[in-house]
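Okay, structure first, notes after.
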2 protein chains.
Amino acid sequence: MKRREFGQHCGLARALELVGERWALLVVRDLTVRPRRYTDLLEGLPGIPTNVLSTRLKELEQAGIVERQVAPAPQRGVVYTLTAAGHELEPAILALGRWGATQLGEPRPGDIVTPESVTMTLRATFNHGAAAGLTASWEIRAADLVLHAVVTDGKPDIGPGPAPGDPDLVVTVDPAGELPSYENLMQAMKCGLVQLAGPRELLDTFLHLFTAQGA
Amino acid sequence: MKRREFGQHCGLARALELVGERWALLVVRDLTVRPRRYTDLLEGLPGIPTNVLSTRLKELEQAGIVERQVAPAPQRGVVYTLTAAGHELEPAILALGRWGATQLGEPRPGDIVTPESVTMTLRATFNHGAAAGLTASWEIRAADLVLHAVVTDGKPDIGPGPAPGDPDLVVTVDPAGELPSYENLMQAMKCGLVQLAGPRELLDTFLHLFTAQGA
DNA sequence: CCGAATCCGCAGTGATACTG
DNA sequence: CAGTATCACTGCGGATTCGG
């Protein structure tokens with residue numbers, strides 16, 4: 001497993017040697033959101049060949065970015081997790097994602113949207129300044145997709161799955177055939193094409209927290 | 001020139017489709033620092049095949065990231081520049097570079113250091129908070145390498161070449177056989193292994209501006 | 001079913017030579 | 001200076017197969 005090098009003593013070159021191979025950063029993105037199993041990753045990365053995924057996982061493990069854990073008795077399977085170094089990639093991933101979002105046109109036919117990608121976009125657009133001191137929790141539902149956004153004293157916890165406990169506001173969106181992409185979800189919320197379980201003001205708070213460019 | 005796609009409607013996936021190919025982000029990095037000609041780029045990217053460089057430049061041009069300009073009469077040559085969209089990649093490049101720098105070990109034999117890579121590292125470590133309201137200018141010299149860092153009311157202009165006008169402090173470092181990498185330069189400055197032309201306090205200011213993690 | 005390994009065809013890459 | 005041409009090679013995409 002010889003790694004191709006760039007011949008430069010440079011942070012960016014080093015980063016690209018470690019996570020610049022095809023699919024690598026998308027694997028890390030999915031693991032940034034939550035630990036996943038091999039088949040979860042396959043499902044969330046449409047079109048990745050199985051040999052490429054297993055090669056990437058080994059390279060990322062060797063680079064100290066990913067950890068392979070054999071889960072104990074009850075669920076018994078292989079779970080991939082990020083190491084501390086892997087989680088430190090998140091700011092870079094969010095920055096790249098923000099730039100790429102400005103270059104996104106209409107969804108191409110066949111494109112999919114995964115919970116991981118929407119989670120990443122929400123994290124990337126979270127407005128830390130506007131959230132200072134705030135505490136509130138939301139649950140977003142759109143067809144299969146369920147996300148939670150919990151803000152505790154300004155610090156966000158954004159990810160797939162329902163909000164723990166009782167969310168302050170549950171927003172149910174009907175994307176009506178459209179992809180449940182970040183843009184479509186926010187659009188529907190702005191237009192009020194949603195069902196709310198909770199105080200309506202919290203919808204405006206949510207939109208305020210996630211529409212401006214994050215930090 | 002068909003582009004391979006990732007099948008996801010996602011900012012990160014889009015970014016990787018546009019600048020994820022091998023060498024692409026290093027080309028953008030060099031152009032972030034200053035416009036360059038084809039042979040300048042070849043020189044700053046050791047080992048890049050000429051056909052790969054020309055392919056990348058065409059792809060980046062088609063993506064609206066790079067502009068190819070035929071310079072007029074006097075110098076008459078081809079100059080590559082970043083578009084506005086290209087310059088907007090800088091935060092992502094700096095973030096990736098910061099992460100990669102944490103993964104940099106000792107320089108491998110044969111590794112080189114270019115003015116572009118040192119410039120990028122200085123920009124990445126610039127501490128905007130500590131610079132608020134400050135105005136000062138430095139020129140750093142180490143063998144062939146000459147860099148300027150001009151801070152005007154807290155806003156940095158960092159790049160290769162001498163400082164315009166009269167810099168407040170000129171720092172001459174003798175890396176003595178070592179690579180003139182960011183780490184070696186800063187190390188020499190901290191130890192006082194430098195010659196100064198200007199007030200000594202400004203050396204401490206410089207170290208304070210560039211040692212902490214930037215924003 | 002999960003977690004891969006294996007094989008094959010091909011496109012992207014690397015190295016070098018060459019040209020307007 | 002600014003690329004193009006050629007060719008060997010390797011990594012990737014796609015499919016199938018295999019062991020726990």
Side-chain angles (χ1 to χ4, degrees), chain A residues 1-8 13 16-27 30-31 35-63 66-81 110 112, chain B residues 1-8 13 16-27 30-31 35-63 66-81 110 112:
Chain A
M1 196 172 324
K2 205 178 169 142
R3 193 173 299 279
R4 285 184 297 174
E5 302 175 352
F6 283 108
Q8 292 201 271
L16 293 173
E17 285 169 7
L18 294 174
V19 296
E21 307 286 302
R22 195 160 164 77
W23 294 103
L25 221 45
L26 291 174
V27 171
D30 278 14
L31 294 177
R36 315 233 60 191
R37 291 180 307 172
Y38 185 84
T39 40
D40 297 333
L41 291 167
L42 273 184
E43 193 182 354
L45 301 169
I48 190 175
T50 63
N51 56 350
V52 171
L53 177 56
S54 82
T55 304
R56 289 294 162 272
L57 287 169
K58 277 179 212 155
E59 291 166 349
L60 291 171
E61 191 184 355
Q62 188 184 328
V66 157
E67 240 169 358
R68 184 184 195 273
Q69 294 170 340
V70 179
Q75 57 286 60
R76 65 191 212 60
V78 182
V79 175
Y80 292 94
T81 323
I112 70 167
Chain B
M1 197 170 321
K2 208 183 165 134
R3 196 172 297 280
R4 285 184 296 174
E5 301 173 352
F6 284 108
Q8 295 203 312
L16 292 174
E17 286 170 7
L18 294 175
V19 296
E21 307 287 300
R22 196 158 164 77
W23 294 102
L25 220 46
L26 290 174
V27 171
D30 278 14
L31 294 177
R36 316 233 60 192
R37 290 180 306 173
Y38 185 83
T39 41
D40 297 333
L41 291 166
L42 273 184
E43 192 182 354
L45 302 169
I48 190 175
T50 61
N51 56 350
V52 171
L53 176 56
S54 86
T55 304
R56 288 297 162 269
L57 286 169
K58 278 178 210 156
E59 290 166 350
L60 290 171
E61 190 184 356
Q62 188 184 328
V66 157
E67 239 169 357
R68 182 184 194 275
Q69 294 169 339
V70 178
Q75 58 285 62
R76 64 195 221 51
V78 182
V79 175
Y80 291 94
T81 322
I112 70 167

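First the proteins, then the strands, lettered A, B, ... as listed; each starts at 1.
Distances were taken from every side-chain heavy atom of B:Tyr38 (C-beta onward) to each of D:dT4, C:dG3, D:dC12; the shortest belongs to D:dT4. Comparing atom distances between the A:Pro49 side chain and each of D:dC12, D:dG13, C:dT13 picks out D:dG13 as nearest. The nucleotide whose nearest atom lies closest to any side-chain atom of A:Arg37 is, among C:dA4, D:dA2, C:dC2, C:dC2. Taking only side-chain atoms of A:Val52, from C-beta outward, the nucleotide of C:dG14, D:dA2, D:dG13 with the closest atom is D:dG13.
For A:Thr55, no side-chain nitrogen or oxygen approaches OP1 or OP2 of D:dG11 to under 4.0 Å. Taking 4.0 angstrom as the limit, B:Ser54 places none of its side-chain polar atoms (N or O) nearer than this to OP1 or OP2 of D:dG3. Residue A:Trp23 places at least one side-chain N or O closer than 4.0 Å to OP1 or OP2 of D:dG13. Taking 4.0 angstrom as the limit, B:Arg4 places none of its side-chain polar atoms (N or O) nearer than this to OP1 or OP2 of C:dA11. Side-chain nitrogen and oxygen atoms of A:Thr50 include none within less than 4.0 Å of the OP1 or OP2 phosphate oxygen of C:dA4. In terms of phosphate contacts, B:Lys58 brings a side-chain nitrogen or oxygen within less than 4.0 Å of OP1 or OP2 of D:dT4. Of the side-chain N and O atoms in A:Tyr80, none sit less than 4.0 angstrom from OP1 or OP2 of C:dC2.
Figure legend: A:Arg68 and A:Tyr38 shown without cation-pi pairing, the cationic atom not lying both under 6.0 angstrom from the six-membered ring centre and within 45 degrees of its axis.
The interatomic distance linking B:Glu43 (CD) with D:dC1 (C1') rounds to 13 Å, in whole Å. Counting to the nearest Å, the C1' atom of C:dA4 and the CZ atom of A:Arg56 are 15 Å from each other. B:Leu26 places its CG atom 11 Å from the P atom of C:dG14, with the value rounded to the nearest Å. In this entry the distance linking CZ of B:Arg22 with P of D:dT10 reads 14 Å, nearest Å. Distance, B:Leu53 CG to C:dG12 C1': 15 Å, rounded to whole Å. One can place CG of B:Leu57 at 7 Å from P of D:dG3, the figure rounded to the nearest angstrom. Whole-Å rounding puts the A:Glu21 CD to C:dT13 P distance at 10 Å.
Here CZ of B:Arg56 is found 11.5 Å from CG of B:Leu25. Values are rounded to the nearest 0.5 Å. How far CZ of B:Phe6 is from CG of A:Leu26: 5.5 Å, rounded to the nearest 0.5 Å. For the atom pair B:Glu61 CD and B:Glu67 CD, the distance stands at 8.0 Å (nearest 0.5 Å).
Across every non-hydrogen atom of B:Glu59 and B:Glu21, the tightest pair is OE1-CG, 4.3 Å.
The base of C:dG14 sits within donor-acceptor range of the side chain of B:Asn51, with an N or O pair under 3.5 Å.
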